[in-house]
Number of protein chains: 2
Amino acid sequence: MVVTMQDVARRAGVALSTVSAALTGTRPVSATTRARVEAAAAELGFRPNALARGLASRRSHVLALTHPVGAAGLSRTSAEFVLGAAGAAQERGYQLVLWPFAVEDADGLVGVARQGLADGVLVMEVHAADARVRALREAGVPVALIGRTDDPADAALPTVDIDFAATLTEAVAHLADLGHRRIAFVNHAAHRTAEGHGPTRRAAAAYDAAMAARGLTPVQVAAEESVVGGRAALAGLLDGDAPAPTAVITMNEDATFGVVAELAARRVTVPERMSVLAVVSSPAVAEQTVPPLTTLHAPGAQLGRAAVDALLALLLTGAALAPVLERCRLVDHGSTGPVPADAEPGAAEPAPVVPAAAGAP
Amino acid sequence: MVVTMQDVARRAGVALSTVSAALTGTRPVSATTRARVEAAAAELGFRPNALARGLASRRSHVLALTHPVGAAGLSRTSAEFVLGAAGAAQERGYQLVLWPFAVEDADGLVGVARQGLADGVLVMEVHAADARVRALREAGVPVALIGRTDDPADAALPTVDIDFAATLTEAVAHLADLGHRRIAFVNHAAHRTAEGHGPTRRAAAAYDAAMAARGLTPVQVAAEESVVGGRAALAGLLDGDAPAPTAVITMNEDATFGVVAELAARRVTVPERMSVLAVVSSPAVAEQTVPPLTTLHAPGAQLGRAAVDALLALLLTGAALAPVLERCRLVDHGSTGPVPADAEPGAAEPAPVVPAAAGAP
DNA sequence: TTGAAAGCGTTACCAT
DNA sequence: ATGGTAACGCTTTCAA
């Protein structure tokens, strides 16, 4: 039925252990026997059994990827991450299993992890206080994180993440260079910040810092993750007491569509009357709007590959690599432009420098 | 280091084989010993080793999901499918591994399949002539298909798919009930049909049949999978010699955005002057446009679950279930409306019935 | 350089 | 109902 190593050994006229050595190279084998073994293996169509190999060697060559499960589904960027990780694993001779678990279900996660199917775990969407990371670490399961926790005990774990500081700095710089001074930021929903959602918090701080560094006043609004949320957020910016912004940076992918819709409804033309810059977004999303949006594309696939490499490095060397930060790439689709000539000049006065965390109480 | 079944046996004062029996229920065990075993296992925090279990029982409790790899990435609907499958597998005590392979790389696929890590394979985006399916079948690997092939030899394999006939019939009915008679269909790119892409071909046939059944003339255009492709397709419909349609059904998710954009650019209001109905789409996509689109939502997650169940049924009973067809669900977001009163009356004449495949040469 | 044999941690069968 | 013991298909000593 199934061709085993023993079958190959018989065919090649050598011992089973010699076949193993010849095929894996774990010990020197003469060129002639190696050739005989390889020929026999090829003739029989031998494929080593992954389970047996894993059981004997104590490495399954399987990596797990756990991602929060919820109604939201997978964003395009997350999907790119998963595909990138699967591809990288494949190329390295590993397989990737999906472990959908709620962020709170650390027990369930450790439960499957301790079954020994996976050599290590990639944790997506890491939170500031993340029960999963703590539980895996305490269970001695090798992990690599996408994102960071606040726990110093997790600081030694390998990490990959989007470089939010560089991304938001570039976003603000791009708009400021066009003359904008009132640059608003539409972030994720407020409850995300409360939950310790890493990207939300790091982007908030990075935006505030980037604005402060230029003497600009940060104006940050939290938007529900929906078109309605985006419309409401933009309406709040335009109808508030403060002077309206001339440019908006959006990080909330779903709300971005709402922002564009609300601008269209109000006949505020993009980019003539309002510049829009979507950060940590994806090509597929940026091109879906009318007009298409200038974007700082999230490096989803690269992050997935980097995460796999970080985990494999830990597995093979026992030591964690230095944290990897991938920056977003600016792709100009024409939704940003010079500040309108009639923008209220008062806003050009340098605002007082505010602390970096001011926008995210 | 790792707690084994032998450890539990010692602790409970029984034989190893009794522990196995008590925990898996493969043979009768007295209530008292079962309790003792369970207590011992709980105290030691025993978790059976997945690799050893799989090797001994010859079932790994791992299912594989192979999906075409390419630049396109994962559509929202595909992502929902993957998540649905992963969730269903989880609930059934299985794990899901991702196998990214090109449709042409049947050898690579069979290669990993023969490593024995997975008990069976789910094949996504099945083509009419699909080398992967044929190769897996010939290798004796249990599979379940998402979609269908043209090969009669594959007819006995378990299958799940979108019910394109019901979906397009409902789409045409919905619009016809609103009084539309010139209903166009924007399908996927022409090369998809040539490649034997199942959804493209089945939807084409279903649309033609649904139109023919009502005595309407099918007008089908292939659009490149992009915003530009969608704009071009709509422009072709409006600028052609034939009378312009009063309603458009779109199945090409990327092109849909182009259709909407082109309508906006031409100041053709939706739904007053043109009804738009996106079929086999997703909630996330439908709400991203302005206005949001009335949609026949693709049952991604349900299909994923159904596919897992179909594969497990094959694995457990040895026989394939009957094909499962999941239909799309109409969600009215207001982008369809009554046919304009001034729509050219000549078009209301019943057109000659055309054969079902006429629109997809 | 090669062969023989002892695990790896389970399941499954055969006694008892 | 329970205990002992071969597999399962491979890696990894340890001898030769």
Side-chain angles (χ1 to χ4, degrees), chain A residues 1-38 40-41 44-62 93 95 112-119 316, chain B residues 1-38 40-41 44-62 93 95 112-119 316:
Chain A
M1 174 114 179
V2 163
V3 180
T4 79
M5 213 168 240
Q6 184 62 260
D7 299 328
V8 178
R10 261 191 295 268
R11 175 101 176 198
V14 298
L16 192 162
S17 57
T18 301
V19 175
S20 176
L23 261 29
T24 61
T26 50
R27 77 182 191 196
V29 170
S30 77
T32 58
T33 46
R34 153 164 294 117
R36 278 236 305 292
V37 167
E38 282 170 353
L44 296 175
F46 170 74
R47 303 257 31 184
N49 181 285
L51 261 33
R53 177 206 283 274
L55 181 59
S57 67
R58 310 175 138 271
R59 354 185 89 274
S60 64
H61 282 223
V62 172
Q95 317 216 22
V112 290
R114 294 193 49 223
Q115 291 180 148
L117 200 241
D119 288 336
L316 300 178
Chain B
M1 174 109 181
V2 162
V3 180
T4 80
M5 216 168 236
Q6 185 62 260
D7 299 327
V8 176
R10 259 191 296 270
R11 176 101 175 198
V14 298
L16 191 163
S17 57
T18 302
V19 174
S20 176
L23 262 28
T24 60
T26 50
R27 76 182 192 196
V29 170
S30 78
T32 59
T33 46
R34 155 165 292 118
R36 279 236 305 291
V37 168
E38 282 171 354
L44 297 176
F46 169 74
R47 304 256 30 184
N49 181 286
L51 261 34
R53 179 207 282 276
L55 180 58
S57 67
R58 316 177 131 270
R59 355 184 85 275
S60 65
H61 282 225
V62 172
Q95 317 216 23
V112 285
R114 292 193 51 224
Q115 291 180 150
L117 200 242
D119 289 336
L316 300 178

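Reminder, nothing fancy here: chain letters follow the sequence lines and each chain counts from 1. Quick caveat: nothing in here was measured; it's all calculated off a predicted structure.
Close to D:dT2, at under 4.0 Å from its OP1 or OP2, lies a side-chain N or O of B:Thr33. Dashed line: the shortest gap from a side-chain N or O of B:Thr18 to OP1 or OP2 of D:dG3 is under 4.0 Å. Dashed line: the shortest gap from a side-chain N or O of B:Arg58 to OP1 or OP2 of D:dC8 is not under 4.0 Å.
Inter-axis angle, ends of the helix from C:dT1-D:dA16 to C:dT16-D:dA1, five pairs per end, rounded to 10 degrees: 40°.
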Residues 3-16 of chain A side chain polar contacts: donor-acceptor under 3.5 Å, at least two apart:
from, atom 1, to, atom 2, distance (Å)
A:Thr4, OG1, A:Gln6, N, 3.1
A:Thr4, OG1, A:Asp7, N, 3.3
A:Asp7, OD1, A:Arg10, NH2, 3.0
A:Asp7, OD2, A:Thr4, N, 2.8
A:Arg11, NE, A:Glu43, OE1, 2.8
A:Arg11, NH2, A:Glu43, OE1, 2.6

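Judged by closest nucleotide on DNA chain D, B:Ser30 is the one of B:Ser30 and B:Leu55 placed further toward the 5' end. Nearest-nucleotide mapping onto DNA chain D: of B:Gly13 and A:Leu16, the residue sitting toward the 5' end is B:Gly13.
If you check the side chains of A:Ser20 and A:Ser17, you find no donor sitting under 3.5 Å from an acceptor.
When distances are taken from the side chain of A:Thr4 to each of C:dT10, D:dC10, C:dA4, the shortest belongs to D:dC10. Among D:dT11, D:dC10, C:dT10, the nucleotide with an atom closest to any side-chain atom of A:Ala52 is D:dC10. Set against D:dT11, C:dA4, D:dG3, the side chain of A:Ala15 has C:dA4 as its closest nucleotide. Residue B:Phe46 places its side chain closer to C:dT10 than to any other of D:dT11, C:dT2, C:dT10.
Rounded to an integer number of Å, the gap from NE2 of B:His61 to C1' of C:dT11 is 12 Å. Rounded to a whole Å, the CE atom of A:Met5 is 8 Å from the C1' atom of D:dG9. Between the P atom of D:dC8 and the CG atom of B:Asn49 lies a distance of 19 Å, rounded to the nearest Å. The nearest whole Å value for the distance from the CZ atom in B:Arg53 to the P atom in D:dC10 is 21 Å. In this structure, B:Asp119 atom CG and D:dC8 atom P are separated by 17 Å, rounded to whole Å. The distance between atom CD of B:Gln115 and atom P of D:dG9, rounded to the nearest whole Å, is 15 Å. When the P atom of C:dG9 is taken as reference, atom CG of B:Leu23 falls 16 Å away, rounded to whole Å.
Contact annotation for B:Arg59: no contact, since no heavy-atom pair falls under 4.0 Å across all strands. If you check every strand for non-hydrogen atoms under 4.0 Å, A:Val2 touches nothing. Heavy atoms of B:Arg27 sit under 4.0 angstrom from at least one base atom.
Interface remark: the B:Arg114 side chain does not form any donor-acceptor pair with the D:dG9 base, using a distance-only criterion of under 3.5 Å. Judged by atom type and distance alone, A:Ser17 reaches the base of C:dG3 through a side-chain donor-acceptor pair under 3.5 Å.
Considering CZ of B:Phe46 and CZ of A:Arg114, their distance stands at 9.5 Å, rounded to 0.5 Å. Residue B:Arg34 holds its CZ atom at 11.0 Å from OG1 of B:Thr18, rounded to the nearest 0.5 Å.
Two residues are said to be in side-chain contact when any heavy atoms from C-beta on lie closer than 4.5 Å; A:Asn49 and B:Leu117 fail this criterion. In this structure the side chain of B:Arg59 never reaches within 4.5 angstrom of the side chain of B:Arg53, judged on heavy atoms.
Taking each heavy atom of B:Ala21 and B:Arg27 in turn, the nearest pair found is CB-CG, 3.4 Å. Across all non-hydrogen atoms, the minimal contact from A:Ser60 to A:Asp119 is N-OD1, 2.8 Å.
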